[in-house]
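Below is one structure; the comments refer to it alone.
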Amino acid sequence: MPEMATILEVLFIIFKVVVVTMILFSLPLPLTWMERKIAAHIQVRLGPFRVGPHGVLQPFADMMKLMFKEDIIPYKADKRLFRIAPIISMVPVLAAFAVVPFGNDITIPFLNEEVSLYIADMDVAILYILAITGIGVYGIIFGGWASNSKYALLGGIRSTAQMISYELPMSLAAIGVVMITNSLSLVNIVNAQQGWHWNIIYQPLGFFIFFIASLAEINRIPFDLPEDEGTLAAGYHVEYSAMRFSFFMLTEYVAMVLASVLAVLLFFGGWNGPGFLPSIVWFVVKVSVFIYFFMWIRFTLPRYRYDQLMTIGWKILLPLSLFNVLITGFFLI
Amino acid sequence: MSDGYILEKRKESAVETFFNRIFFIDFIKGLSLTLKYNLSRSITLRYPDEEKWIPYKRFRGQHTLNRDEYGRELCVGCELCAKSCPTDCITVIPMEDSAGRGIADRVARVWEVNLTRCMFCGLCEDACPTEALKLGREYELSCFSLSNAVMDKDRILIAGQGEPLDLEATGAEPKGWMKVSLDSIDYITPLDFKKGDRVPANYEGGVNAAASLERTEDGIRVVPDLSKTKKWW
Amino acid sequence: MEQIFFFIFAVVAVGSAVAVVAFRNPVHSAISLMVCFFQVAALFILLRSPFLAAAQLFIYVGAVMVLFLFVVMVLDLGRASFDEPVFHRRIWGIVVVLGLFAEVVYLTLKGEPSHIKGPYVDGAMMNNTEVMGTLLYTKYIYPFEIVSILLLLALVGAIALTMNSKGE
Amino acid sequence: MVPLSYYLILSLILFSVGMAGVLLRRNIIIVLMSLELIFNSVNINLVAFSHHLQSMAGRIFVIFTITIAAAEVAIGLAIIVAMYRRVKTVYVDKLRGMKG
């Protein structure tokens with residue numbers, strides 16, 4: 001018979017998993033609304049306005065529509081792969097949140113129990129996140145390949161090449177942070193940035209590389225070549241409809257949140273901030289700023305050409321990130 | 001917006017180019033521009049639910065045939081409008097009528113304009129010797145049947161059966177613009193003519209008025225509220 | 001508890017390994033291999049080496065399998081592989097495999113690994129990423145350097161092999 | 001606690017399956033995948049021994065194995081691509097150019 005404390009701990013972990021998953025699943029609702037509103041206002045439009053005040057209920061209407069639409073599977077598609085591809089692409093980004101810390105430990109009022117705001121503090125958290133988000137590319141490859149359509153296949157292949165290319169500079173940029181904090185654990189990294197010693201001050205180049213590479217990793221403009229409407233119709237998900245399509249969309253939004261979260265944790269001091277607000281509020285504020293920044297960039301920049309994408313990845317970002325590691329090592333010694 | 005177009009790009013020195021590359025100057029310029037637009041007011045009209053655009057006086061919308069201050073038809077059926085029309089969309093058939101219906105003995109028996117062909121150039125308006133024909137401010141011309149797009153005299157002649165109108169109240173000019181009789185119209189109209197709330201002829205226009213969308217048995221009407229207007233752009 | 005997890009991972013690993021060999025379509029084989037690599041990564045975590053698990057995911061699942069799929073998709077082998085000829089020496093292959101299997105099972109059950117000190121229990125050794133890093137850069141620095149040169153050679157070699165001789 | 005022999009048996013099974021793949025399959029890409037399976041079974045062995053003998057050497061070796069496997073796959077796939085361009089086949093029994 002396990003002890004009471006152990007059971008309580010396990011229950012807390014399960015509770016945290018459920019809460020985090022629910023939040024992640026519901027995040028695309030406000031995010032799609034936000035993205036459409038920001039897009040509209042940048043283009044001096046109003047955006048969704050008819051469903052609810054200022055269109056806040058529009059995502060729910062879209063969700064209902066996506067749920068009840070017909071799920072079409074192309075006749076010549078590889079049916080099994082076609083079915084599981086959206087799930088393969090969705091699971092890794094959700095799994096990556098298992099090691100993301102959201103704030104300082106808080107004490108629950110009635111139970112008097114100290115609760116940590118992360119599911120697991122892994123020894124190799126950064127490595128785990130980088131590794132598991134790399135798996136997300138399989139959803140895109142399989143989705144593209146199983147559709148048996150040339151646009152989808154081209155989108156899948158482009159995405160593969162793009163994600164492999166940009167994973168390198170992204171990891172190397174993260175290594176700079178790891179070098180100055182001496183830990184792979186995200187909690188330790190954030191704790192090392194207390195008192196305004198944010199890593200952005202020590203690693204500006206690293207941050208730039210990380211940010212650009214994460215833009216490419218989550219397939220957002222200016223690097224959204226896998227779903228380039230101009231040349232590929234819609235890219236890897238051109239044959240998808242209904243809920244499977246929305247899984248891809250959900251993945252995209254959660255990946256954007258993950259990229260913002262990582263940028264905040266690694267370079268912007270995580271939940272550290274002036275003490276008048278709880279740590280988790282600071283964290284959410286910083287992440288929201290980053291999400292806004294991602295959307296802002298999306299409606300500012302045009303899309304890169306494929307050769308430009310590869311040039312940026314291999315000829316600019318990779319040498320720069322190696323250089324960054326080199327200088328960081330130099331200063332540490 | 002003061003930023004205008006850059007007609008000729010200034011030649012950059014190598015140092016400047018390097019500086020721009022390193023600090024992403026172009027990137028920051030682009031971002032600040034979009035941020036400015038993001039914070040600026042949106043130009044979208046929430047038509048037809050809440051707002052409606054009231055055009056300027058000079059706007060060329062649907063035709064109206066006017067009367068003089070005693071309620072006589074100004075049109076003398078001279079067919080100049082039909083002759084001047086570049087798209088041949090106006091049909092005029094004159095007739096003799098000495099009962100005082102018009103300002104002359106000659107009036108139009110048939111006056112039709114086919115709005116599907118009309119391009120609202122205003123040449124007919126210019127050609128009219130008696131200023132009977134005016135292009136009004138009406139622009140909500142969608143209809144369910146193409147036959148409704150052919151406007152005949154009954155639908156565009158301003159109402160007022162012989163009796164002089166109260167010029168002080170309407171602020172109408174001596175000739176023209178009294179009251180449009182559009183009882184038989186079944187297309188979507190912004191002005192509820194039955195209620196009599198319409199845009200006065202001398203109203204300057206060019207504003208964005210609050211409006212409400214009314215669903216009636218006759219169809220949908222967008223009714224503007226001229227007391228709540230704001231300049232648009 | 002740990003044994004239950006071990007058996008889950010082991011069964012899935014063996015099943016997917018068999019699927020790698022049994023599927024005709026190379027894309028399906030590649031997926032099964034990916035699943036197998038996942039299970040092996042999970043086993044590494046059971047063996048208290050999270051760094052290796054992450055490296056396994058990073059390199060095998062994240063890079064190697066993508067490379068496989070890339071080649072399969074670019075060469076379009078997915079559909080063309082159903083006419084794979086039956087090899088007439090298949091029986092000998094099975095005999096060799098079974099013989100090897102029997103021999104090693106015998107050796108494993110009979111033999112006794114020496115100096116078993118039992119699994120790590122203390123927390124310091126559980127988080128062994130740091131220990132590993134230190135060892136890698138002190139005791140094993142020469143193998144490390146050699147392996148990195150090997151990787152560089154593989155990089156250059158792969159590009160040289162796949163590039164057309166005309167250079168474009 | 002999982003005994004060492006469980007890991008050894010698992011690794012043995014994986015090794016045999018990989019071996020069977022190398023010997024039975026004619027598609028060279030699947031042969032290469034089977035080689036990866038063999039690498040993995042060896043890795044399991046190394047880590048299991050390292051865990052039970054309390055020595056870091058096994059784990060360090062696994063890092064080297066993984067690296068070398070990556071290099072091997074890169075070269076192997078490059079060879080396959082180059083070969084496919086020349087002879088338009090991926091079946092090993094059709095590749096008898098060296099046989100004379």
Side-chain angles (χ1 to χ4, degrees), chain A residues 2 6 10 76 78 80-81 84-85 88 91-92 95-96 99 120-142 144-146 148 150 152-165 167-168 170-171 178-179 182-185 188 217 314, chain C residues 1 19 23-35 37-38 41-42 44-45 48-79 123-134 137 148 151 155 159:
Chain A
T6 323
V10 170
K76 288 250 177 163
D78 190 318
R80 243 181 312 166
L81 266 186
I84 61 168
I88 294 181
V91 167
V99 295
D121 177 21
M122 210 175 176
D123 194 15
V124 287
I126 289 186
L127 213 55
Y128 167 80
I129 286 183
L130 291 175
I132 208 147
T133 47
I135 293 160
V137 73
Y138 283 102
I140 293 171
I141 302 177
F142 290 151
W145 184 80
N148 206 352
K150 49 177 167 288
L153 182 67
L154 270 176
I157 287 179
R158 276 187 182 184
S159 168
T160 320
Q162 175 180 333
M163 287 179 115
I164 293 178
S165 312
E167 212 164 82
L168 273 164
M170 193 172 166
S171 315
V178 172
M179 282 168 81
N182 263 328
S183 173
L184 284 166
S185 152
N188 291 348
E217 279 286 300
W314 288 103
Chain C
M1 193 67 179
F23 279 148
R24 309 214 85 177
N25 191 332
V27 176
H28 292 170
S29 290
I31 299 165
S32 316
L33 191 57
M34 195 182 99
V35 174
F37 286 161
F38 251 102
F44 284 169
I45 289 188
R48 309 291 189 276
S49 25
F51 178 78
L52 285 184
Q56 168 96 4
L57 284 187
F58 218 149
I59 296 168
Y60 271 119
V61 183
V64 168
M65 289 319 296
V66 173
L67 214 56
F68 266 112
L69 281 170
F70 210 80
V71 170
V72 171
M73 289 196 314
V74 168
L75 299 186
D76 197 19
L77 304 173
R79 319 240 181 275
M125 291 305 276
M126 298 264 269
N127 297 339
N128 49 28
T129 312
E130 202 175 331
V131 184
M132 242 162 105
T134 316
Y137 282 101
S148 35
L151 260 185
L155 184 75
I159 293 171

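Throughout, a chain's letter reflects where its sequence line sits, starting with A, and its residues are numbered from 1.
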Worksheet item: Between A/I88, A/T160, A/V137, which residue shows the highest count of heavy-atom pairs closer than 4.5 Å to chain C?
Response: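 The candidate making the most pairs under 4.5 Å is A/T160.
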Fill in: Residue selection (most heavy-atom pairs with chain C, distance under 4.5 Å) from A/N182, A/L81, A/I164, A/L153
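Ranked by contacts with chain C, first place is A/L81.
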Item to complete: Name the region of A/I157, side chain, backbone, both or neither, that has any atom closer than 4.5 Å to a heavy atom of chain C.
Response: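 For A/I157, backbone and side chain are both near chain C.
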Worksheet item: Given that the side chain runs from C-beta out, which part of A/S171 has a heavy atom under 4.5 Å from chain C: side chain, backbone, both or neither?
Response: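 Just its side chain gets close to chain C.
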Practice prompt. Report the C-alpha separation of C/F38 and A/I135 in whole Å, then their side-chain angles, then the decisive distance to 0.1 Å, and conclude whether the side-chain contact (heavy atoms from CB on, under 4.5 Å) test is met.
Written response: CA-CA 10 Å; C/F38 251 102; A/I135 293 160; 3.2 Å; yes
Worksheet item: At a heavy-atom separation under 4.5 Å, does C/M34 approach chain A through its side chain, its backbone, both, or neither?
Response: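 The side chain, not the backbone.
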Worksheet item: Where do A/A131 and C/A54 come nearest, in terms of heavy atoms and distance?
Response: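 The pair with the smallest heavy-atom distance is CB-O, 3.7 Å.
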Discussion item. So which atom in A/Y138 and which in C/V66 form the shortest heavy-atom distance, rounded to 0.1 Å?
Written reply: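 Answer, listing the atom of A/Y138 first, then C/V66: OH-N, 3.3 Å.
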Discussion item. Could you check whether any side-chain heavy atom of C/L69 comes within less than 4.5 Å of a side-chain heavy atom of A/F142, counting everything from C-beta outward?
Written reply: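 Side chain of C/L69 against side chain of A/F142, heavy atoms only: contact under 4.5 Å found.
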Can you measure from [atom1] ([X]) to [atom2] ([Y]) and round to the nearest 0.5 angstrom?
X     : Y      : atom1 : atom2 : answer
C/F58 : A/T133 : CZ    : OG1   : 7.5 Å
C/L57 : A/I132 : CG    : CD1   : 6.0 Å
C/I31 : A/I84  : CD1   : CD1   : 5.5 Å

Item to complete: Using side-chain contact (heavy atoms from CB on, under 4.5 Å) as the criterion, list what pairs up with A/A161, not counting sequence neighbours.
Response: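 Per chain and number, A/A161 pairs via side-chain contact (heavy atoms from CB on, under 4.5 Å) with A/Y306, A/M310, C/F70.
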